[in-house]
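As structure tokens, the structure follows; a few thoughts come after it.
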Amino acid sequence: MEQILVFSGTTEGNALVRALRAYPVHVYVSVATEYGEASAAVCENTEVVRGRMDREQMQSFLREKQITLVIDATHPFARIVTENIREACRAEAVAYIRCLRESREPAEGCVFVESIAEAVTYLKETTGNILLTTGSKELQEYTRLKEFRSRCYARVLSTKEAVEKSIGLGFEGKHLLAMQGPFSKEMNKAMIAHVDAKYVVTKETGKAGGFPEKLEAAKENGACLVVIRRPEEDGKKAEEIIAWFREHL
């Protein structure tokens with residue numbers, strides 16, 4: 001039986017795992033966090049593996065489990081993780097497929113930047129409250145903003161790690177919103193209005209990450225959406241990979 005490893009934690013990853021239940025394969029689903037484990041798609045032929053792996057650990061896992069195919073369905077902004085997965089597969093001569101998320105064309109009312117650091121540089125020249133929806137990992141960048149404690153409202157995952165990190169950086173009380181998305185347009189509108197945000201910072205996460213709902217909510221609230229562009233990658237969309245399953249498995 002073919003052994004497949006799916007690096008998941010995303011909507012696309014779960015869709016691929018569900019599609020694989022129709023084939024005579026054993027699927028290992030790698031997720032980084034407890035939340036990822038709880039939300040992972042679990043089928044009869046799947047086994048969830050929780051915990052972050054470095055490149056050496058990935059290579060060891062590939063050898064130990066005799067993996068023949070790796071599908072990288074990690075978040076489009078998890079650049080270092082993707083690089084490690086790709087290098088581990090190359091070192092062990094294991095087939096690798098990168099799952100791409102659908103992109104969205106630039107829209108009116110958006111400011112596109114290449115990084116969070118560039119977003120901060122832009123926001124330094126503005127006034128008004130800011131709703132941050134880019135997660136807790138790079139939250140420290142926003143502390144470079146003058147009066148960030150009063151201007152910024154951080155929306156992060158409702159995990160102990162994310163909350164403790166945010167508080168440690170100075171985002172606390174009503175300025176810290178611990179919730180799990182993606183959210184509807186109505187919920188986004190309510191939060192933008194609640195914090196009186198003039199700017200909403202997000203990543204170009206596509207439909208699966210709730211980008212259209214954020215865009216519409218910002219427009220209807222008269223807020224400017226500051227968008228971190230997604231890095232360019234080569235790979236296949238989820239539906240293309242599922243079609244590949246039908247031909248090769």
Side-chain angles (χ1 to χ4, degrees), residues 9-12 35 39 75-78 101-159 161-231:
T10 60
T11 302
E12 295 87 355
Y35 174 79
S39 60
H75 195 279
F77 284 87
R101 182 170 288 182
E102 291 185 7
S103 61
R104 186 179 180 90
E105 292 299 316
E108 185 180 351
C110 294
V111 172
F112 279 80
V113 293
E114 300 301 323
S115 65
I116 289 180
E118 190 174 320
V120 170
T121 298
Y122 169 78
L123 290 166
K124 282 182 177 180
E125 305 302 319
T126 68
T127 59
N129 291 347
I130 307 165
L131 176 60
L132 309 173
T133 69
T134 52
S136 62
K137 289 184 179 179
E138 299 169 284
L139 204 54
Q140 186 169 356
E141 284 282 350
Y142 299 104
T143 63
R144 296 193 293 111
L145 287 169
K146 187 178 180 180
E147 300 178 343
F148 79 91
R149 293 175 188 269
S150 59
R151 285 190 72 191
C152 295
Y153 294 78
R155 191 170 77 188
V156 302
L157 286 176
S158 54
T159 64
E161 180 184 11
V163 170
E164 288 182 347
K165 180 173 184 178
S166 303
I167 292 173
L169 290 171
F171 298 89
E172 54 188 339
K174 65 181 182 180
H175 289 267
L176 181 60
L177 310 170
M179 307 173 74
Q180 172 59 44
F183 303 97
S184 66
K185 181 185 75 172
E186 290 72 22
M187 178 63 82
N188 279 305
K189 283 183 65 178
M191 280 187 272
I192 294 170
H194 178 68
V195 304
D196 191 25
K198 304 304 178 188
Y199 297 88
V200 178
V201 187
T202 186
K203 292 181 178 179
E204 189 186 5
T205 54
K207 184 177 180 180
F211 182 81
E213 290 78 8
K214 289 179 188 176
L215 175 61
E216 291 303 314
K219 277 185 178 180
E220 293 185 18
N221 282 61
C224 174
L225 197 66
V226 181
V227 185
I228 316 297
R229 287 189 187 277
R230 186 186 312 171

Hey, does the side chain of [X] reach the backbone of [Y] with a donor-acceptor pair shorter than 3.5 angstrom?
X      : Y      : value
Thr143 : Leu139 : no
Arg101 : Arg230 : no
Thr134 : Thr202 : no
Arg151 : Gly128 : yes
Arg229 : Glu204 : no

Q.
Pair Met191, Val200 - check side chain to side chain contact (heavy atoms under 4.5 Å, CB included), show working.
A. CA-CA 10 Å; Met191 280 187 272; Val200 178; over 6 Å; no
Q) Under the side chain to side chain contact (heavy atoms under 4.5 Å, CB included) criterion, do Leu131 and Leu177 qualify, and how do the steps go? A) CA-CA 10 Å; Leu131 176 60; Leu177 310 170; 4.1 Å; yes
Q) Checking side chain to side chain contact (heavy atoms under 4.5 Å, CB included) for the pair His75/Thr205: CA distance, chi angles, key distance, verdict? A) CA-CA 8 Å; His75 195 279; Thr205 54; 3.9 Å; yes
(Q) Between Lys185 and Glu216, is the salt bridge (charged side-chain N to carboxylate O under 4.0 Å, His left out) condition met? List the steps. (A) CA-CA 7 Å; Lys185 181 185 75 172; Glu216 291 303 314; 5.7 Å; no
What's the spacing between [X] [atom1] and [Y] [atom2] if we round to 0.5 Å?
X      : Y      : atom1 : atom2 : result
Lys203 : Lys214 : NZ    : NZ    : 9.5 Å
Met187 : Ile192 : CE    : CD1   : 12.0 Å
Glu141 : Ile116 : CD    : CD1   : 7.0 Å
Tyr199 : Leu225 : OH    : CG    : 12.0 Å
Ile130 : Glu147 : CD1   : CD    : 10.5 Å
Leu132 : His175 : CG    : NE2   : 11.0 Å

Q | Phe183: partners by ring pair (Phe, Tyr, Trp, His ring centres under 6.0 Å), with sequence neighbours left out | A | none
Testing the basics here: between [X] and [Y], what is the closest heavy-atom pair and its distance to 0.1 Å?
X      : Y      : result
Asp196 : Asn129 : O-CB, 3.4 Å
Ala119 : Val201 : CB-CG1, 4.5 Å
Val156 : Gly135 : CG1-C, 4.2 Å

Q) Have Thr126 and Lys198 got a donor and an acceptor in their side chains that come within less than 3.5 Å? A) no
Q. Would you say Ile228 and Val113 make side-chain contact, with heavy atoms under 4.5 Å?
A. yes
Throw together a table of side-chain donor-acceptor distances under 3.5 angstrom for residues 161-174, partners on residues two or more places apart or in other chains.
unit_1: Lys165; atom_1: NZ; unit_2: Lys137; atom_2: O; d: 3.0
unit_1: Ser166; atom_1: OG; unit_2: Ala162; atom_2: O; d: 2.8

Q: Apply side chain to side chain contact (heavy atoms under 4.5 Å, CB included) to the pair Asn188 and Arg155, showing each step before the final yes or no.
A: CA-CA 11 Å; Asn188 279 305; Arg155 191 170 77 188; 3.0 Å; yes
